[in-house]
Amino acid sequence: MTNCLQLRAFFIGLLVLNVFGISIASVVSTGNFNNDFFVMWAPDHVNTSADGRERSLKLDQESGSGFASNQMFLFGRIDMKIKLVPGNSAGTVLAYYLASDQPNRDEIDFEFLGNVSGQPYIVQTNIYADGFDNREERIYLWFDPTKDFHTYSVLWNLHQIVFMVDSIPIRLYRNHADKGVGYPRWQPMSIKASLWNGDSWATRGGRDKIDWSKGPFIASFRDYKIDACVWKGNPRFCRADSSANWWNKPRFSTLTRDQKRWFKWVRKYHMVYDYCQDYQRFQNNLPKECSLPKY
């Protein structure tokens, strides 16, 4: 009887460990920048509110600045409310992205390209897979992103990557790895944000330089949410079919009908550049994913 009870306890223990191992994979963030992020460089250019709920980055002639998450993640959803640099921000680049920091790195990028006062802000998105990028898309935002905070999100799962602005999908990148197309699916990534001098290319191809007399340039962040699989050294937890990994469920394998409608609206009225339409750049040999379904 004792041996039977011990055996039963052993198997129950294994079950508990297995469930626990999966359940801890998903984390909902604390909302406190001091707890979830560290300053990558120029701490004197990073300002955090007393309660840790809001953080700003500063760029001046001395330095830019940036911060990154303490944890790394493999799949999930990231939301960040951001207020972009106001006024004449030409030449500045605010990057909000996920990166694996490996030689053959994976990366999922939002880049906000500064503008001359009165001109619409351009959002550039890009994806690195196994060290290769050249997948830029650009849109004009349909509002002034310097007046208030707006939510910029990434949904990253086994099926697709969706870039969203205020829950409106602006870009899709499907997992066509089975057809030989690169897709970020094995490397964990940290969440990063940085504000820096990109005036060699960012605004009108580098023709509009930073006017330092308009500085310092400041971008602000708050009300972020991280609901993602925390990297524990084994990708199977993040790829597991579990309630914790909700983002991998079939319902998130494509857009809903309403999301498709909004996505088409963005593409029709706000698209500035799509690498899949740049035949000259790729000498009429577009990347393979350009001929494959987006959803």
Side-chain angles (χ1 to χ4, degrees), residues 31-70 78-99 101 105 107-126 128 133 136 138-141 143-152 154 165 189-224 272:
N32 188 320
F33 283 96
N34 292 323
N35 293 341
D36 294 332
F37 295 89
F38 68 93
V39 175
M40 288 192 292
W41 85 91
D44 58 336
H45 283 53
V46 179
N47 184 59
T48 307
S49 62
D51 61 3
R53 299 287 169 174
E54 187 168 330
R55 175 167 285 180
S56 64
L57 296 178
K58 182 173 73 173
L59 167 67
D60 58 21
Q61 284 183 284
E62 178 185 333
S63 179
S65 51
F67 60 85
S69 62
N70 295 323
I78 315 299
D79 302 295
M80 181 76 75
K81 287 190 176 181
I82 307 174
K83 184 191 290 186
L84 301 186
V85 177
N88 186 345
S89 57
T92 68
V93 177
L94 177 66
Y96 156 56
Y97 60 110
L98 291 90
D101 296 329
R105 76 183 186 276
E107 204 168 289
I108 301 171
D109 299 345
F110 271 104
E111 290 178 315
F112 304 93
L113 310 183
N115 64 337
V116 176
S117 296
Q119 298 298 313
Y121 242 100
I122 289 178
V123 177
Q124 174 171 287
T125 57
N126 197 5
Y128 285 73
D133 63 333
E136 299 92 347
R138 292 184 176 187
I139 68 162
Y140 282 131
L141 289 173
F143 53 86
D144 185 343
T146 71
K147 297 297 185 184
D148 202 354
F149 287 86
H150 291 266
T151 304
Y152 303 90
V154 172
V165 177
M189 295 194 267
S190 58
I191 304 162
K192 298 184 178 184
S194 58
L195 180 58
W196 44 281
N197 179 355
D199 71 3
S200 63
W201 65 275
T203 308
R204 294 203 310 143
R207 284 173 287 181
D208 292 326
K209 303 298 184 181
I210 291 180
D211 181 351
W212 294 109
S213 71
K214 305 297 185 183
F217 304 97
I218 296 174
S220 302
F221 305 77
R222 73 180 188 196
D223 298 337
Y224 66 88
V272 177

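No experiment lies behind these values; they were computed from the predicted model shown.
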Compare all side-chain heavy atoms of [X] with those of [Y] and state whether any distance is below 4.5 angstrom.
X      : Y      : answer
Asp101 : Lys192 : yes
Thr125 : Tyr97  : no
Val123 : Val165 : no
Ile210 : Leu59  : yes
Tyr96  : Ile78  : yes
Trp196 : Phe217 : no
Arg222 : Lys81  : yes

Stepwise, does the side chain to side chain contact (heavy atoms under 4.5 Å, CB included) test hold for Leu113 with Arg138? CA-CA 10 Å; Leu113 310 183; Arg138 292 184 176 187; 3.6 Å; yes

Interatomic distance, [X] atom [atom1] to [Y] atom [atom2] [nearest 0.5 angstrom]:
X      : Y      : atom1 : atom2 : value
Ile82  : Ser220 : CD1   : OG    : 10.0 Å
Asp208 : Asp199 : CG    : CG    : 9.5 Å
Asp44  : Lys58  : CG    : NZ    : 6.5 Å
Phe149 : Met80  : CZ    : CE    : 11.0 Å
Glu136 : Asp109 : CD    : CG    : 9.5 Å

Apply side chain to side chain contact (heavy atoms under 4.5 Å, CB included) to the pair His45 and Glu62, showing each step before the final yes or no. CA-CA 10 Å; His45 283 53; Glu62 178 185 333; 3.9 Å; yes

Testing Thr92, Val85, Leu94, Val93 for side chain to side chain contact (heavy atoms under 4.5 Å, CB included) with Phe112, which one passes?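 Of the listed residues Thr92, Val85, Leu94, Val93, the side chain to side chain contact (heavy atoms under 4.5 Å, CB included) partner of Phe112 is Leu94.
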
Using only heavy-atom distances, determine whether the side chains of Tyr121 and Ser89 contain a donor-acceptor pair under 3.5 Å.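 Short answer, yes.
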
Centroid-centroid under 6.0 Å between Tyr224 and Phe37 rings: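 That pair passes the under 6.0 Å test.
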
Please confirm whether the ring centroid of Phe33 lies under 6.0 Å from the ring centroid of Phe67.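 Yes, the ring centres sit under 6.0 Å apart.
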
Treating Ser65 as the side-chain partner and Val46 as the backbone partner, does any N or O pair qualify as donor plus acceptor under 3.5 Å?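 Judged by distance alone, no pair lies under 3.5 Å.
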
